[in-house]
Amino acid sequence: MVARETTADSLLDVEQTWADRLAYWGRFWWRDRGGVLGMLMFLVVVFSAIFSPAISPYDPLQQNLRDSKMPPAWYEEGRWDHPFGTDNLGRDIFSRIVYGTRVSLTVGFFGVLIAGMLGLVMGAIAGYIGGRVDSIIMGVVNLVLSLPYLLFVVFIAAVLGRSLINVILIFGITDSPIFARVTRGEVLRLRESGFVESAVSAGATWPRIIFDHILPNLIGPLITLATFEMSRMIFYEAGLGFLGLSVPPTVPSWGNMLAAGRKYLTSSPWIATFPGLAIMFTSLGMNLLGDWLRDVLDPRLRRTRK
Amino acid sequence: MYRYFLAKIGQSVLLLFGVIVLVFFMVRLTGDPASLMMSRNASPEQMEAFRERMGFNRPVYVQFADFFTGALVGDFGNSLHFKSPALPLVLERLPATVQLAVVGLLIAMFIGIPLGLLGGFQPGSAIDSIGRGLALLGQSIPNFWLALIMILFFAVRLGWFPSFGRDRWDSVIMPAFVLGLPTLGQLVRLTRSAVLEIRSADFIRTAYSKGLEPRVIYAKHVFRNVAIPLVSVIGVQFGYMLGGSIYIESIFAWPGMGQLLEQAIGWRDFPLVQAIAVFTSVVVLALNIFTDLAYAIIDPRIRYGS
Amino acid sequence: MPTILEVNNLVTRFYTLDGVVHAVNGVSFHLEEGETLAIVGESGSGKSVTMMSILGLIPSPPGKIESGEAYLYDGYERRDLLKMSDAELREIRGGQIGFVFQDPISSLNPVLTIGEQIAESLVRHLGLSREEARDRTIELLDLVGIPDPKARYRNYPHQFSGGMRQRVMIAIAIACGPKIVIADEPTTALDVTIQAQIVELFLRLQKELGMAIIWITHDLAVVSGLADRVLVMYGGRVAEVAPVDDLYEQPRHPYTVGLLGALPRLDSRESRRLVSIQGAPPDLLIPLKHCPFAWRCEYAFDRCWEEIPTLQPAGLNRKVACFYDLERGKPRHD
Ligand SMILES: Nc1ncnc2c1ncn2[C@@H]1O[C@H](COP(=O)(O)OP(=O)(O)OP(=O)(O)O)[C@@H](O)[C@H]1O
Ligand SMILES: [Mg+2]
């Protein structure tokens, strides 16, 4: 018997040239171009939120009625010290857009955090305990999910009044059923797959099972969902702002800016244009990112990537 | 199958019960419905008189029983603004909203489904890129902003369409398009991914092994399977459009339920808001039942299932 | 018996993002009229890809048939399936060559009646009218042993059991009177008792209709009662081909020895998976320049690590691709 390992010299063309490697990485990046672009766009937004004071040339609240409704810099009457122009009160639109990222990201981040935690707990309980507890939790979940969502969000926001905390709570609570449903589905799938039972019979404790087996499997779908839901919340926050139902009117948020710009649509269209573009930029980035994450993180979809 | 539907209808009745409870308590979230509905500068005497008139000083369970029995027969009390029963005011607005949603859905279907089919048949082709780009845009453009931009260009600048109202036959086109765009995007995505999935199913390989023409395989074997998930998404999206037209109706001054909702919130006319919320939920729940029915009719696995 | 199908040097690769999968690397074999040829080999040895390549059923991209010939004989005439246009191939598929796939659950369209799925082939190839196709379909359902075929015509696949669905698949395959039926692991997904029924059905149909059968399987136990000849595949190549009894009595390839060793008793009916050979099959992403079985082979010597053995005649009606002569117990000289 010849005990010989498969060594490199027994194989053909295993040496990769640099061109091959470059081509491989090129293909890799090209395949994931959407995700990379989405990530970059998202990072731009995060960066502006963190460094708002350094980036924005003006105080976003500072009014200057003499310079009000000034068009963007590339218009004839525009000036480069107000690149996106000014609004009806002479506030610098660029600075307000930059500060607007703070409201949007705060709502999106904390909204998803609350929704995710509530949903995780509800879904996990429903999935584990099953039976009547499951029917009750899922009954509530289905109730919320079958309602006309926007209508009810507008309704609650109108009742509670304008404040950042209220908006975050509204989204955090109304959005938790989606997380609950995904969590429950995933927990049930894992239970059915039988490895939880085998882990139990192998003497694993419940916390062990949850942290070692369940959470790692849940994390992918939940992160993907969180990305999409955060994008949706940013969207809806702006929508509420547009109806005058989100943060107080003095706060520079994209929705508030749109609401104000709507009155000057025909005379000074830029006031409404830029916040809309900002929402679109953020949403586009997060959707691209979410699509990519879904492909990469969801093991059931991985097959289709080839 | 009949049992399946009886169960569905039973479920919907339960959900409706949940909606009524929710709507009752929503106006009491702040603790005092009277201060929510009265203007801020109402005197304490006026407040007390209002409480007396609305019955807010009775015990909560009495109020609930009252509201609940009223809701069952369509009595939501009088609108504070119009001083007349709330439900007829809502019903009056129904046709406009339905018209908007139907036209929006038709636009979405007639553009979205063919694009999704073509993209799925030839992934990576130019038409596929167009479809996917449109899907991404539909998901990322805030529709309240798009509405403004479209008014600016197509109504104000170009004068092609009226910018608001419902007096002309072509008034519906712009608002319906804006309302339908997210659905259009969803349909492109869903159709495309369904085609891609079905295309590589084993039974399609069987169809090829029979020597059938690709044309026949797509029209008969692929499309019938793609239609099944489409039906349920179309149903859900239609419900979403009926309950989600608030921005669009308010921007285009479209005299439907969404505009009424916005106005009612402005007037603090919460009995009217409650009537809108319950009524829209009923419509959406009924729609869900119809969707399930349609689903069962085209999917033999449910039609002849146990 | 005259030859009906002859495949020479078939090479099929898949160009995936992970690299090139060398799925089929020069497979040659022939099939005679009315015979049953069994193809055995581990999972991933290229059995399905070989058959799908012949009929142009390889998904492309990523798949590509790089070279080879596949002659379909009609008397003295022969035509190369690999050079045919799509339209010509469609005439062959379902018309002259029928296919039965492994998983009867997923291989039938869930939203069409089974009657429709059989009849559409008849309409396509024999030009029957809808009524004629319907009558013929009911006959076919009866032929493959489905009780109450008239009523069953209107049923959907989910209303059938797995074994019944496989009978429907068989009805589809034989509908237009093909000369060849390719059955790709037709019994793997079924219960043991149902497996035996399906094997018997095939034997009966072959006796009645006289078609040749290519039977792809993992299960050597089934092979002994069914096949005339056996083709053993390994790593996308043919390791050995021989009449069934000769192969069982005197395997000439060490891999075949391993396969048979995996059987408890030679002619036992008990089914066994081909798993008990040590080591893993070759990684098809890497093109080899030596015998693909060398590192699992207890007889491997220097030459096995230097070149790839080709298929050589080794006795009456049999061929083997191995440098070691198992019969004489020493390297082969050629
Ligand atoms: N569409 C495809 N893309 C990439 N690789 C493929 C594709 N189809 C088959 N292959 C590869 O080709 C090789 C041979 O596969 P094939 O299906 O012919 O094996 P098999 O012998 O039929 O195995 P099994 O007994 O499991 O059916 C495998 O390594 C498989 O991964
Ligand atoms: Mg196979």
Side-chain angles (χ1 to χ4, degrees), chain B residues 1 4 117 119-125 128 190-191 193-234 292-306, chain C residues 48 51-52 54-59 61 86-114 116-126 154-160 165 168-169 171-173 175-176 178 181-182 184 189:
Chain B
M1 199 175 84
Y4 172 78
L117 288 176
F121 295 163
Q122 290 174 319
S125 64
D128 184 33
L190 182 89
T191 311
S193 65
V195 169
L196 285 178
E197 192 192 316
I198 304 284
R199 221 170 63 134
S200 54
D202 284 352
F203 60 81
I204 295 302
R205 189 181 57 186
T206 307
Y208 276 106
S209 80
K210 286 189 246 183
L212 300 179
E213 316 287 333
R215 200 165 28 86
V216 176
I217 291 177
Y218 276 116
K220 189 162 153 187
H221 289 262
V222 176
F223 188 71
R224 286 207 199 172
N225 281 282
V226 170
I228 291 172
L230 276 184
V231 163
S232 67
V233 165
I234 287 172
D292 282 331
L293 193 67
Y295 195 91
I297 287 172
I298 67 165
D299 189 345
R301 279 162 295 189
I302 297 180
R303 195 173 2 140
Y304 298 109
S306 44
Chain C
S48 302
M51 291 309 144
M52 311 261 270
I54 294 171
L55 286 178
L57 289 174
I58 292 291
D86 284 347
E88 286 172 307
L89 256 183
R90 282 199 290 272
E91 292 297 329
I92 304 289
R93 290 201 290 254
Q96 312 229 12
I97 302 180
F99 236 113
V100 179
F101 295 103
Q102 169 177 342
D103 187 357
I105 310 258
S106 59
S107 293
L108 289 168
N109 193 330
V111 302
L112 297 177
T113 62
I114 59 116
E116 173 63 29
Q117 296 187 58
I118 299 171
E120 68 179 347
S121 194
L122 296 167
V123 174
R124 162 76 180 80
H125 290 286
L126 307 181
R154 298 175 163 282
N155 282 175
Y156 288 89
H158 73 272
Q159 293 165 298
F160 281 66
R165 282 188 232 193
V168 172
M169 279 301 294
I172 291 176
C176 304
V181 169
I182 299 173
D184 191 346

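The model shown is predicted, which means the values in this text are computed figures rather than measured ones. Any value given below was found using the heavy atoms of this structure, including those in side chains, with hydrogens, waters and symmetry copies removed. The chains referred to below are lettered A, B, ... by the order of the sequence lines, with proteins before strands, and numbering in each begins at 1.
Options B/Val216, B/Thr206, B/Ile298 differ in how many heavy-atom pairs under 4.5 Å they form with chain C, and the most are formed by B/Thr206. Considering only heavy-atom pairs separated by less than 4.5 Å from chain B, the leading option among C/Pro157, C/Ala173, C/Ser121, C/Ser107 is C/Ser107. For the set C/Phe101, C/Phe99, C/Tyr156, the count of heavy-atom pairs under 4.5 angstrom toward chain B peaks at C/Phe101. Between chain C and the residues B/Ser209, B/Pro214, B/Ala227, the largest count of heavy-atom pairs under 4.5 Å involves B/Ser209. Across C/Val111, C/Val123, C/Asp86, the residue that shares the most heavy-atom pairs under 4.5 angstrom with chain B is C/Val111.
Residue C/Glu91: no heavy atom, backbone or side chain, is found under 4.5 Å from chain B. The contact between C/Leu108 and chain B is made entirely by backbone atoms, counting heavy-atom distances below 4.5 Å.
Remark: aromatic rings of B/Phe121 and B/Tyr218 are close, center separation under 6.0 Å.
Of the possible polar contacts, one joining the C/Arg93 side chain to the B/Tyr208 backbone as a donor-acceptor pair under 3.5 Å is found. Under the 3.5 Å distance criterion, the side-chain polar atoms of C/His158 are left unmatched by any main-chain donor or acceptor of C/Ile105. At least one donor-acceptor pair under 3.5 Å links the side chain of B/Asp128 to the backbone N or O of B/Gly124. Side-chain N or O atoms of B/Lys210 include one that pairs as donor or acceptor with a backbone N or O of C/Gln117 at under 3.5 Å.
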Report task. Using the side chain to side chain contact (heavy atoms under 4.5 Å, CB included) rule, take B/Ile228 and B/Arg301 through it: C-alpha gap first, then chi angles, then the decisive distance, then the call. Result -> CA-CA 11 Å; B/Ile228 291 172; B/Arg301 279 162 295 189; 3.9 Å; yes

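Of residues 196-205 of chain B, those residues lying under 4.5 Å from chain C by any heavy-atom pair are B/Asp202, B/Phe203, B/Arg205.
C/Ser106 and C/Asp103 form a side-chain donor-acceptor contact under 3.5 Å, judged by distance and modelled atom types alone.
Using a 4.0 Å cut-off between charged side-chain N and carboxylate O, B/Lys220 and C/Glu120 make a salt bridge.
Note: C/Ile92 CD1 to C/Leu55 CG = 8.5 Å, rounded to the nearest 0.5 Å.
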